[in-house]
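What follows is one structure encoded as structure tokens, with my remarks underneath.
Here the structure is a predicted model, which means the values were calculated and not measured.
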Amino acid sequence: MLAEERTGENNMRATNVKWDVTDGAEEMTEEEIADTLASLPTEVELPEKFNKENYTDEDGYHEDELVEDASDWVSDEYGFCNYGIQVEE
């Protein structure tokens with residue numbers, strides 16, 4: 001995060017979450033993989049700390065850093081890695 005974390009209303013969400021459930025799952029069947037993928041969301045509301053204000057400094061808005069941090073948060077929150085997300089308002 002770039003600046004001291006500021007709080008405020010947040011309407012950001014991670015969308016198009018592409019989950020990676022196969023890492024370390026060599027013993028999972030195709031059905032188990034499909035069931036796991038079906039149980040995970042493809043869209044997630046992000047906490048307040050993920051807002052444009054917290055990723056803006058004198059050099060401008062750093063969207064790539066917000067997306068990277070949000071992607072890490074989503075993985076930590078759900079316990080699975082992801083291939084990528086989009087962040088939208």
How far apart are the C-alpha atoms of D20 and N82, what are their side-chain angles, what is the distance that settles it, and do they pass the side chain to side chain contact (heavy atoms under 4.5 Å, CB included) test? CA-CA 5 Å; D20 175 9; N82 66 73; 6.0 Å; no

Working for side chain to side chain contact (heavy atoms under 4.5 Å, CB included), residues F50 and V87: CA-CA 9 Å; F50 296 108; V87 174; over 6 Å; no

Side chain to side chain contact (heavy atoms under 4.5 Å, CB included), that's the test. Do I85 and K18 meet it? Break it down for me. CA-CA 7 Å; I85 65 169; K18 307 289 188 224; over 6 Å; no

Verdict with reasoning, E88 to T15, per side chain to side chain contact (heavy atoms under 4.5 Å, CB included): CA-CA 7 Å; E88 299 177 2; T15 61; 3.2 Å; yes

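E89 contributes atom CD, which lies 5.0 Å from atom CG of N11 (distance to the nearest 0.5 angstrom). Remark: N54 CG to E65 CD distance equals 12.0 Å, nearest 0.5 Å. Here the CD atom belonging to E53 is positioned 12.5 Å from the CG atom belonging to L66, to the nearest 0.5 angstrom.
Residues K49 and Y55 come closest through the heavy atom pair O-CE1, 3.8 Å. When every heavy atom of S75 is checked against every heavy atom of C81, the shortest pair comes out as OG-CA, 3.5 Å. Between V17 and P41 the shortest heavy-atom distance is CB-O, 4.0 Å.
Although no hydrogens or angles enter the test, the distance criterion places a donor-acceptor pair under 3.5 Å between the side chain of E32 and the main chain of T29. In this structure, the side chain of N51 engages the main chain of E48 through a donor-acceptor pair within 3.5 Å.
Under the side chain to side chain contact (heavy atoms under 4.5 Å, CB included) rule, H62 has a single partner from D69, T56, D57, which is D57.
Residues that satisfy the side chain to side chain contact (heavy atoms under 4.5 Å, CB included) test with D64, not counting sequence neighbours, are absent from this structure. Scored by the side chain to side chain contact (heavy atoms under 4.5 Å, CB included) test, E63 finds Y61, V67 as partners (sequence neighbours excluded). For E58, the salt bridge (Lys or Arg N to Asp or Glu O under 4.0 Å) criterion is met by no residue, not counting sequence neighbours. Scored by the side chain to side chain contact (heavy atoms under 4.5 Å, CB included) test, L40 finds W19, V21, T36, Y78, F80 as partners (sequence neighbours excluded).
Pairs passing the salt bridge (Lys or Arg N to Asp or Glu O under 4.0 Å) check and including a residue from residues 34-43, sequence neighbours excluded, read R13-E43. Applying the salt bridge (Lys or Arg N to Asp or Glu O under 4.0 Å) test to residues at least two apart or on different chains, none of the pairs has a partner in residues 72-84.
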